[in-house]
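Following: one structure in structure tokens, then a few remarks.
Proteins come first, then strands; the chains are lettered A, B, ... in the order of their sequence lines, and each starts at number 1.
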Amino acid sequence: MKTLPYRNLWKWVGTGLLLLIVPVLVRDPYYLHLINMSGLSILLAASLNLITGFLGELNLGHAAFYGVGAYASALLTMRLHLPFLLTLPVASLLAAFSGALIAYPCLRLKGPYFAIATFGYGEIVRLILHNWDTLTNGPLGLRGIPGPAGFINSKVEYYYFILTIVALSLLAIWRLLHSQLGRTFWAVRQDSVVLAEMIGINSTRVKVLAFMVAAYFAGVAGSLYAHYLRFISPDTFSFLESSTALAMVIVGGLGTFWGPVLGAILFTWLPELLRSVSEYRMIFYGLLLWGSITFLPQGISGFLESRIRKNCTTGVARDAHS
Amino acid sequence: MPILECHNLSRSFGGLRALSDLSFSLEEGEILALIGPNGAGKTTVFNCITGVYPPSAGLIRFGSQVINGLPTHEVARKGLARTFQITRLFRRLTLLENLMVAQYPFSELPLWQTLLDFRKTTALERKLAAQAQEILEFVGLGKRAGEKAENLPLGDQKRLELGIALATRPSLLLLDEPAAGMNPTETEEMVRLIRKARESGVTVLLIEHDMKLVMGLSERILVLNQGRKIAEGTPREISNNPLVIEAYLGHGGMGGKKEGGHAET
Amino acid sequence: MDLLLEIAQQVINGLVIGGIYTLMALGMTMIFGILDQTNFAHGELYMLGAYAAFFFSMVLGIPYLVSVCLAILVGVLLGLMYEWLIFRPVRGKDPLNAVIASLGASIFIWNAALLVFGGAPREIPTPFLGEKVNLLGVSLNVQRLLALAVTIGIILALYWWIGKSRLGRAMRATAQNREVAALMGIKIGRVAELVFATGGALAALGGALVGPIFLLQPSMGLLAVGKAFIVVIVGGMGSVLGAIYTGFGLGVLESLTVGFLSSAYRDVISFAILILVLWVRPQGLFGRTGERGG
């Protein structure tokens with residue numbers, strides 16, 4: 001599938017309409033809040049998937065980009081009184097820049113050690129947020145971050161705003177992945193990077209670019225988070241958040257487009273379903289992470305896809321010529 | 001003017017001298033074979049030329065430019081392509097996508113255009129797919145465009161790898177054992193492909209153990225032993241050269257089975 | 001003179017902590033060097049080793065030194081379970097699968113421990129903790145000296161063992177080339193069990209030794225594993241000597257930072273060193289093969 005499947009137009013229109021009337025269907029503000037949070041998780045998981053699913057590099061510090069986006073956006077509005085519509089892209093660009101800063105030295109490391117280095121970076125960012133009191137207010141976090149007053153006031157309006165941003169971001173990621181540039185992401189994976197170089201791809205540049213794009217979208221999520229919840233603290237952007245994002249991607253399906261979306265929704269709602277046994281939540285996450293990589297390495301969507309493909313042998317031929 | 005010249009190429013790994021003082025050149029349009037017993041330094045020559053690592057000493061000139069020390073991707077963009085002893089493919093991509101991505105150097109669009117310029121990207125994708133399909137037909141894999149590369153049998157993998165190399169539009173093609181592990185029919189097909197590629201204007205430097213292939217295909221042969229050139233000439237001259245015969249007999253005969261794990265790879 | 005004493009005191013403390021980092025890093029560098037797998041759950045072996053010592057000595061009332069030995073046994077068993085349940089199923093697949101599987105295991109074990117042991121910090125009293133000896137004016141805690149002596153002894157023994165014994169040779173052969181080792185009749189599964197058992201024992205020993213010095217917490221493994229990874233990377237991946245030098249070095253540096261700057265900077269400094277080394281010398285201080293494509 002090289003282009004958006006126009007032949008399924010009615011499905012897209014249907015889904016779109018459904019998404020548009022969600023606030024009518026969901027009256028409970030708490031559930032609407034969870035839907036909004038799902039949107040942020042989708043951004044976080046889809047961006048992490050660019051690095052871990054497509055480049056094939058495990059990133060254990062993705063929350064750092066999320067955090068840079070959130071803090072940058074919050075501080076720019078609180079200290080410099082910039083409007084949210086300006087801080088959103090600026091903070092995301094800053095996150096992208098931090099992505100390049102992290103990617104460049106770490107990419108010289110082999111697979112698993114790359115992962116550890118990103119863990120280290122994640123910790124450093126958290127420690128900086130924690131200890132640079134004068135800028136970040138330390139462990140107490142930033143309170144009273146102004147929302148985008150004037151045009152977004154209620155949860156419903158937030159819903160439409162987040163929906164728009166998420167849809168545009170997913171569209172951008174889709175276009176990227178189905179372009180020459182996206183194919184180079186697959187090409188520079190560790191098992192074929194030698195060949196990638198041999199056909200004239202500068203693998204370091206491609207990887208750094210992928211990191212910047214991923215960090216950008218994580219930054220978008222961070223900025224939205226800060227202004228939506230109006231309170232951020234270093235603990236939100238800890239290793240726990242990075243590993244939850246990773247679990248979303250892996251359980252949903254590494255390297256698939258819809259997998260992380262599925263995983264993000266699942267992991268945002270799972271705590272609600274587990275609320276009565278909340279002390280078992282992290283235990284369950286750990287088990288899910290171990291179990292899915294051991295028994296279902298393609299994730300839920302990869303599993304579903306392979307089941308569908310078995311029943312539909314013409315899919316391969318159709319893929320080739322669309 | 002020669003298309004490729006190597007002057008006094010040397011390369012050592014730690015204390016081991018894999019290549020010493022090797023000089024040779026390649027005329028445009030010819031097929032030169034590089035042969036020698038295991039560990040003779042053949043793949044080291046390829047690795048030095050393609051910038052996998054720089055030579056310890058010596059000079060490599062490609063066309064009019066000196067290319068030693070250049071990173072692989074820059075060497076590739078100057079018109080040099082290569083296949084590998086152990087076949088390398090983009091295994092998770094389909095055959096068509098393999099050949100599309102191989103055209104990357106001529107189809108780069110900046111990020112903003114990739115994201116925003118729908119018209120241009122659609123046209124580009126269409127063009128790339130058409131060209132990829134053409135190359136697939138050329139290497140005889142036209143009917144399998146939508147399959148994942150990892151599912152191909154070995155013989156087809158080698159042909160796909162050759163297709164990837166050709167898709168980069170090279171003027172010089174380095175082939176590292178293009179017929180390794182192939183049956184006689186497949187080998188014949190590969191020879192035909194290499195000839196066809198040459199006819200389209202590509203110069204070929206190849207490493208091969210299959211002596212029948214080497215003798216039938218190449219115009220000149222260069223023999224390496226322990227990192228040194230011991231003979232150079234036409235197939236007929238080489239097959240009668242006593243030094244060459246000795247070098248091979250000393251290592252268990254011509255075309256002996258390869259075993260993994262030596263310094264070359 | 002006081003300054004000198006203070007420095008000596010901090011250096012000794014640092015060596016104790018560094019010894020623990022080294023014990024963990026050795027196991028991890030062996031697992032990586034020999035099996036090409038990364039154990040993100042190694043810190044949990046350390047944490048469970050500490051809690052095992054606590055359980056034996058406090059709950060069952062077994063003397064401390066015997067408890068330490070029992071904790072090592074627990075470490076061996078846990079190491080074997082790691083091999084069977086986490087690492088064997090993903091061997092031969094993408095190496096990232098092992099990182100992810102062990103990360104999942106780490107989150108699972110750590111939170112299960114939180115549930116079972118509770119979040120409150122615990123202490124293991126030992127007969128040595130209150131004892132002090134005076135050495136050239138430096139007052140030294142016997143428990144720390146014991147931990148340091150045992151650590152150094154074990155590290156030397158391990159170094160000798162890898163170099164000399166038949167099993168050590170099999171391990172080194174596997175590290176060099178798994179297929180060739182298999183052809184030579186070396187069973188990868190047995191080597192892996194051995195490596196994980198050894199790694200588990202070392203980490204559990206570390207936990208049992210420092211348990212009495214610091215407080216026990218279910219989250220202690222996570223920070224320790226971060227430090228051990230820094231040691232492994234900075235020392236050079238797969239390098240045993242590198243792990244030893246870097247482990248002790250990092251411990252001393254951290255201890256001096258805490259003593260003379262502030263404990264807030266302790267972790268920042270370690271991670272900053274990691275980044276610096278990654279920039280300047282990505283193959284690690286003692287490593288030769290860390291570079292990509294090398």
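- Residue A:Tyr160 places its OH atom among more than 12 non-hydrogen atoms of other residues, nucleotides or ligands, all under 6.0 Å distant.
- Crowding of B:Glu150 atom CD: a count of heavy atoms from other residues, nucleotides or ligands under 6.0 Å exceeding 12.
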Start with the C-alpha distance between A:Trp186 and B:Glu97, add both sets of side-chain angles, then the distance that settles side chain to side chain contact (heavy atoms under 4.5 Å, CB included), and finish with yes or no. CA-CA 10 Å; A:Trp186 281 108; B:Glu97 287 168 331; over 6 Å; no

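- Under the side-chain contact (heavy atoms from CB on, under 4.5 Å) criterion, A:Leu93 pairs with A:Tyr216, not counting sequence neighbours.
- Using a 4.5 Å cut-off between heavy atoms, B:Leu95 makes no contact with chain A at all.
- Cation-pi check for A:Arg183 over B:Phe90 is not met; the charged atom does not lie both under 6.0 angstrom from the ring centroid and within 45 degrees of its normal.
- Residue B:Leu99 holds its CG atom at 9.5 Å from CD1 of A:Ile199, rounded to the nearest 0.5 Å.
- The shortest side-chain heavy-atom distance between A:Leu181 and B:Leu111 falls under the 4.5 Å cut-off.
- Among A:Ala196, A:Gly182, A:Ser203, the residue with the largest count of heavy-atom pairs under 4.5 Å with chain B is A:Ala196.
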Start with the C-alpha distance between A:Arg205 and B:Glu108, add both sets of side-chain angles, then the distance that settles salt bridge (Lys or Arg N to Asp or Glu O under 4.0 Å), and finish with yes or no. CA-CA 13 Å; A:Arg205 230 186 84 199; B:Glu108 264 181 299; 3.6 Å; yes

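- Residue with the most contacts toward chain A among B:Ala129, B:Pro170, B:Ser107: B:Ser107 (heavy-atom pairs, distance under 4.5 Å).
- In plain terms, the two heavy atoms of A:Met198 and B:Leu80 that are nearest each other are CE-O, 3.6 Å.
- Taking the side chain as every heavy atom from C-beta outward, B:Thr114 and A:Gln180 never approach each other to under 4.5 Å.
- Residue contact with chain A, scored on non-hydrogen atoms closer than 4.5 Å, involves the side chain of B:Thr168 exclusively.
- Here the CD-CG distance, from B:Glu74 to A:Asn202, works out to 7.5 Å after rounding to the nearest 0.5 Å.
- Screening residues 112-121 of chain B for salt bridge (charged side-chain N to carboxylate O under 4.0 Å, His left out), with sequence neighbours left out, gives no hits.
- In terms of heavy-atom proximity, B:Ala76 sits nearest to A:Gly200 at CB-N, 3.5 Å.
- From A:Ser179, atom OG reaches atom CG of B:Leu124 across 9.0 Å, with rounding to the nearest 0.5 Å.
- Looking at B:Leu93, the atoms closer than 4.5 Å to chain A (heavy atoms on both sides) all sit in the side chain, from C-beta outward.
- Interface residue B:Arg82: backbone and side-chain heavy atoms are both found under 4.5 Å from chain A.
- B:Val101 has its side chain within reach of A:Ile201: a pair of non-hydrogen atoms, C-beta onward, lies under 4.5 Å apart.
- With respect to B:Glu125 and A:Arg175, no salt bridge is recorded, no charged nitrogen being found less than 4.0 Å from a carboxylate O.
- Summarising the local packing, CZ of A:Phe97 is surrounded by 12 or fewer heavy atoms from other residues, nucleotides or ligands at distances under 6.0 Å.
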